[in-house]
Amino acid sequence: MANSNYDYSRIEKKWQKYWDEHQTFRAGTDYSKPKFYALVEFPYPSGQGLHIGHPRPYTAMDIVARKRRLEGYNVLFPMGWDAFGLPTENFAIKNKIHPAIVTENNVRRFKEQLKSLGLSFDWDREINTTDPDYFKWTQWIFIQLFKKGLAYKKEMAVNWCTSCKVVLANEEVVGGCCERCGGEVIRKVKSQWMLKITEYAQKLIDDLTEVDYLEKIKTTQINWIGRSEGAEVDFETTAGDTLTVYTTRPDTLFGATYMVIAPEHPMLKKWENLLTNPEEIRAYQELAARKSDFDRTEMNKDKTGVRLQGVSAINPVNGKEIPIFISDYVLMSYGTGAIMAVPAHDDRDWEFAKVFGIDMIEVVAGGNIEECAFTDCATGIMTNSGFLTGLSVEDAKIKIKDWLEETGKGHRKINYKLRDWVFSRQRYWGEPIPLVNCQKCGWVAIPEEELPLRLPEVESYMPTDNGESPLSTLESFINTTCPCCGGAAKRETDTMPQWAGSSWYFLRYCDPHNPEQLASKEALEYWMPVDWYNGGMEHTTLHLLYSRFWNKFLYDIGSVSCKEPYMRRTSHGMVLGEDGQKMSKSRGNVINPDDVVRQYGADTLRLYEMFIGDFEKTAPWSPSSIKGCKRFLDRVWALQDILTDGDVYRPELMSAFHKTIKKVTEDIEALKFNTAIAAMMALVNDIYATGSVTKAEYRTLLILLNPFAPHMTEELYEICNFGGVLNQQKWAVYEESLCVDQTVEIVVQVNGKLKTKLTIPVNAEKDVALAQALAEQKVQDAVAGKNFIKQIYVQNKLVNFVVK
RNA sequence: GCCGGUGUGUCGGAAUGGCAGACGAGACAGACUCAAAAUCUGUUGUCCGCAAGGGCGUGUGGGUUCAAGUCCCACCACCGGCACCA
């Protein structure tokens with residue numbers, strides 16, 4: 001009989017209390033110790049409470065953090081709340097509760113749930129983005145950006161969610177719909193605060209070489225930033241001015257038979273009096289403006305447009321006059337908002353030219369332009385191209401760029417798809433933008449002593465239908481004096497987007513209570529960069545990019561000491577419902593972590609979330625599979641009944657132990673938690689096969705398992721009187737030389753087919769192994785009467801006789 | 001269309017070019033039990049065979065190799081992301 005039942009509920013509460021009281025996981029301030037900074041994305045404390053997907057990445061990093069502590073590192077593993085945002089505000093509106101109260105309640109619930117999972121966060125460093133002591137520094141950073149000219153206000157077409165009544169960043173629009181609510185997104189011209197992330201585009205690409213991110217994260221970011229090399233080319237027009245285009249294919253300049261400008265292009269205004277078909281143009285402009293992004297993508301098959309009558313352009317290489325069109329396939333937001341169209345060598349231009357019956361000139365030989373545009377840069381040879389004829393495309397690109405620069409008709413240019421970050425939101429529950437507008441001085445930052453600029457109390461948080469912030473109705477908030485001239489001024493009423501607070505939170509964790517600075521220099525120099533940051537793939541082009549940008553800016557102004565905030569970035573797969581579908585209320589496949597903790601205990605839940613499959617891939621929840629993890633813990637618990645006095649690894653388990661230590665040690669670092677657990681399960685099976693366990697064996701097993709199942713292993717460690725508490729012990733060590741057995745089983749093949757297996761001494765010499773293999777009857781039968789072609793021996797693996 | 005990723009038993013999934021299916025689940029059989037649950041033991045890719053044994057098996061088709069789930073080429077299916085970016 002077991003000394004006691006595995007009463008997980010009692011044990012887990014006991015140890016959670018113990019860790020709390022002893023501040024076991026408090027990050028030390030001894031800066032002479034080696035540090036390890038493990039980070040998980042802090043949650044948005046929603047009203048639904050913790051989702052079953054949360055524990056997966058949290059447990060993973062908890063395992064790493066716990067292991068590193070046992071290895072002697074000073075570990076920082078913090079947690080906080082990304083609490084500004086729309087759902088809280090919407091809930092507040094609906095239920096007439098202040099969003100701050102809603103946030104407080106949600107945070108309390110989340111914290112309880114996280115604690116019930118035994119996650120080893122340093123709760124002394126808990127932060128909350130809605131805390132004025134925190135967002136004081138979010139506002140401070142904004143002011144620095146403003147002072148350096150990286151925050152600017154611009155009248156522009158923005159993405160407007162008709163349902164949330166709020167502006168969205170480009171990154172927040174998914175397939176023409178609002179990322180959050182799925183509502184229709186339309187384009188609306190508004191004056192918005194923008195952050196010049198584009199200024200950092202090149203650095204954001206280049207510095208990826210210095211960090212260890214999953215390759216797909218790097219490529220996604222690189223593709224999102226979308227660097228392209230080309231040239232800007234100036235086309236003179238019959239209006240006597242110049243129309244500049246951007247192209248990546250200046251080599252095809254001789255093939256440019258028309259031009260297209262975006263419907264919003266400013267030149268149209270300039271040419272107003274010269275254009276003879278203004279109605280037609282205006283009608284098209286209105287049509288294009290009404291189209292949402294969604295419509296634009298939907299309609300991308302049929303090219304539409306209007307030819308400008310009265311103005312045309314001159315091709316600078318051959319002086320030919322070519323027509324200019326407006327069409328919504330050219331975007332004002334990229335390049336110069338104007339293109340030279342080369343229908344023979346660009347798919348979109350080809351389609352457009354077919355619709356409008358425009359000439360094509362083949363300038364790169366090798367395709368059939370009657371059928372489709374020939375866009376291959378690698379094999380084509382220039383033709384019909386004057387001084388470029390006969391060159392390869394690559395050589396032609398260089399030559400034409402040189403020519404453009406020599407003649408002053410253009411120049412080399414690099415463009416990025418990345419656009420500046422729309423940073424204003426017309427909602428209540430966000431950081432107020434700390435600027436005032438003065439008639440005389442324009443936009444002025446409020447003095448830093450006045451930070452934090454708190455949110456005023458308002459009657460209603462309702463977003464207004466005219467698209468202004470709820471703060472805009474509050475005279476007492478708006479009216480203020482100009483810090484510059486002392487005259488009357490008005491405060492900015494927009495707030496910051498939810499991404500603001502999370503763009504620098506990893507810095508605040510280093511020194512979370514500092515009232516003087518966002519964090520002290522010493523703390524930042526010691527803890528930064530984050531050694532390992534795990535989070536969702538969905539943040540690759542949002543939070544991950546934004547926070548790299550902010551960190552780089554803070555680095556440039558001397559506030560932080562490293563160029564890149566995160567040394568290593570990994571990503572976890574989602575936990576799906578039992579049916580393999582994404583968990584959702586409507587599907588009825590939602591699993592609540594509280595229920596699982598109640599039914600099986602936190603240790604089982606932790607173990608299962610790690611065992612469920614490859615950490616980086618999605619995995620369906622399986623109610624029966626989790627029982628296997630509980631069963632395993634029960635078996636570990638019951639080992640205490642067969643504990644002997646012996647205090648060494650027994651010879652028959654010697655290599656099994658060393659191998660398992662090695663496997664678990666390495667697998668944790670490689671995110672292969674599932675195979676680490678499998679190895680421990682196999683070890684326990686091996687132990688049971690011997691009928692008993694020694695103290696040394698049990699102790700090692702408990703240490704290996706501790707990061708995964710911290711409560712139970714602490715309890716067993718105490719029950720068995722192994723001395724002290726487990727979390728103060730040292731991680732298990734292995735010796736390479738003891739990971740191998742004295743003998744190995746090798747495979748004997750004839751012509752690659754398995755014939756028999758053979759047990760021979762480890763590292764046996766070739767002739768010894770071959771001789772022994774050849775002595776086997778089955779081998780004899782298989783090779784009888786045949787000639788040996790080859791005899792292959794792979795040490796400790798196999799013997800293969802190739803015969804004919 | 002472009003960029004990623006993934007295809008292995010009934011299921012989740014293991015396999016530095018070297019015994020495919022570790023570990024777990026499920027199923028089946030047995031032990032314990034009045035009985036059930038729990039637990040323990042065994043079997044469990046598939047086909048032929050009473051057996052010994054043998055054939056076939058990692059999405060499809062080729063190739064490299066003594067040896068391919070793994071490397072190369074072509075293709076198919078599914079998942080995710082981006083999408084008129086000149």
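To find a chain, count down the sequence lines: A is the first, B the second, and so on, and within it residues start at 1. We use all heavy atoms of the structure for the numbers below, so side chains are in, but hydrogens, waters and symmetry mates are not.
Of the candidates B/C66, B/G13, B/C84, the closest approach to any side-chain atom of A/Lys303 belongs to B/C84.
At the heavy-atom level, A/Ser327 lies nowhere under 4.0 Å from the strands shown. Nucleic acid contact class of A/Gln749 (heavy atoms, under 4.0 Å, all strands): base. Among the heavy atoms of the strands lying under 4.0 Å from A/Lys672 are primed sugar atoms or P, OP1, OP2 only; no base atom is included. Using a 4.0 Å heavy-atom cutoff across all strands shown, A/Ser228 reaches sugar-phosphate atoms only and no base atom. Across all strands shown, A/Thr219 has no heavy atoms under 4.0 Å from either base or sugar-phosphate atoms. At a threshold of 4.0 angstrom between heavy atoms, the contacts of A/Thr220 with the nucleic acid are absent. Counting non-hydrogen atoms under 4.0 angstrom, A/Ile612 reaches the backbone sugars and phosphates but no base. As judged by a 4.0 angstrom heavy-atom cut-off over every strand, A/Lys757 is placed among the base-contacting residues. Residue A/Asp349 is classed as having no contact, given no heavy-atom separation below 4.0 Å to the nucleic acid. Residue contacts for A/Lys216: at a heavy-atom cut-off of 4.0 Å it reaches the sugar-phosphate backbone alone, with no base atom in range. Counting non-hydrogen atoms under 4.0 angstrom, A/Asn415 reaches nothing in the nucleic acid.
Shown here, B/G69 is classed anti by the O4'-C1'-N9-C4 or O4'-C1'-N1-C2 angle, which is more than 90° from 0.
Residue A/Trp421 holds its CH2 atom at 6.0 Å from OH of A/Tyr546, rounded to the nearest 0.5 Å. The structure places CG of A/Leu418 at 11.0 Å from OH of A/Tyr334, a figure rounded to the nearest 0.5 Å.
Distance A/Leu607 CG to B/G12 P: 20 Å, rounded to the nearest Å. Following rounding to the nearest Å, A/Asn674 (CG) and B/G13 (C1') show an atom-to-atom distance of 7 Å. Counting to the nearest Å, the C1' atom of B/A37 and the CG atom of A/Asp634 are 14 Å from each other. Rounded to whole angstrom, the span from the CD atom of A/Glu616 across to the P atom of B/C79 amounts to 21 Å. When rounded to the nearest whole Å, the span between CG of A/Asp667 and C1' of B/A14 equals 11 Å.
Pairing partner, B/C66: B/G18, with both Watson-Crick or wobble hydrogen-bond distances short of 3.5 Å. Under the Watson-Crick or G-U wobble criterion, with both distances below 3.5 Å, B/U58 has no partner in any strand shown.
Of the two residues near RNA chain B, A/Pro620 and A/Arg631, the one whose nearest nucleotide lies more 5' is A/Pro620.
A cation-pi contact, defined as under 6.0 Å to the ring centre and within 45° of the axis, is absent between A/Lys413 and A/Tyr246.
No donor-acceptor pair closer than 3.5 Å links the side chain of A/Tyr734 to the backbone N or O of A/Lys663.
Ion pairing of A/Glu351 with A/Lys303 is present here, as a side-chain N (NZ or NE/NH1/NH2) and a carboxylate O approach within less than 4.0 Å. With respect to the salt-bridge test (charged N to carboxylate O, under 4.0 angstrom), the residues A/Lys662 and A/Glu736 qualify.
Using atom C1' as the reference point in both B/G1 and B/U64, the two lie 33 Å apart (nearest Å).
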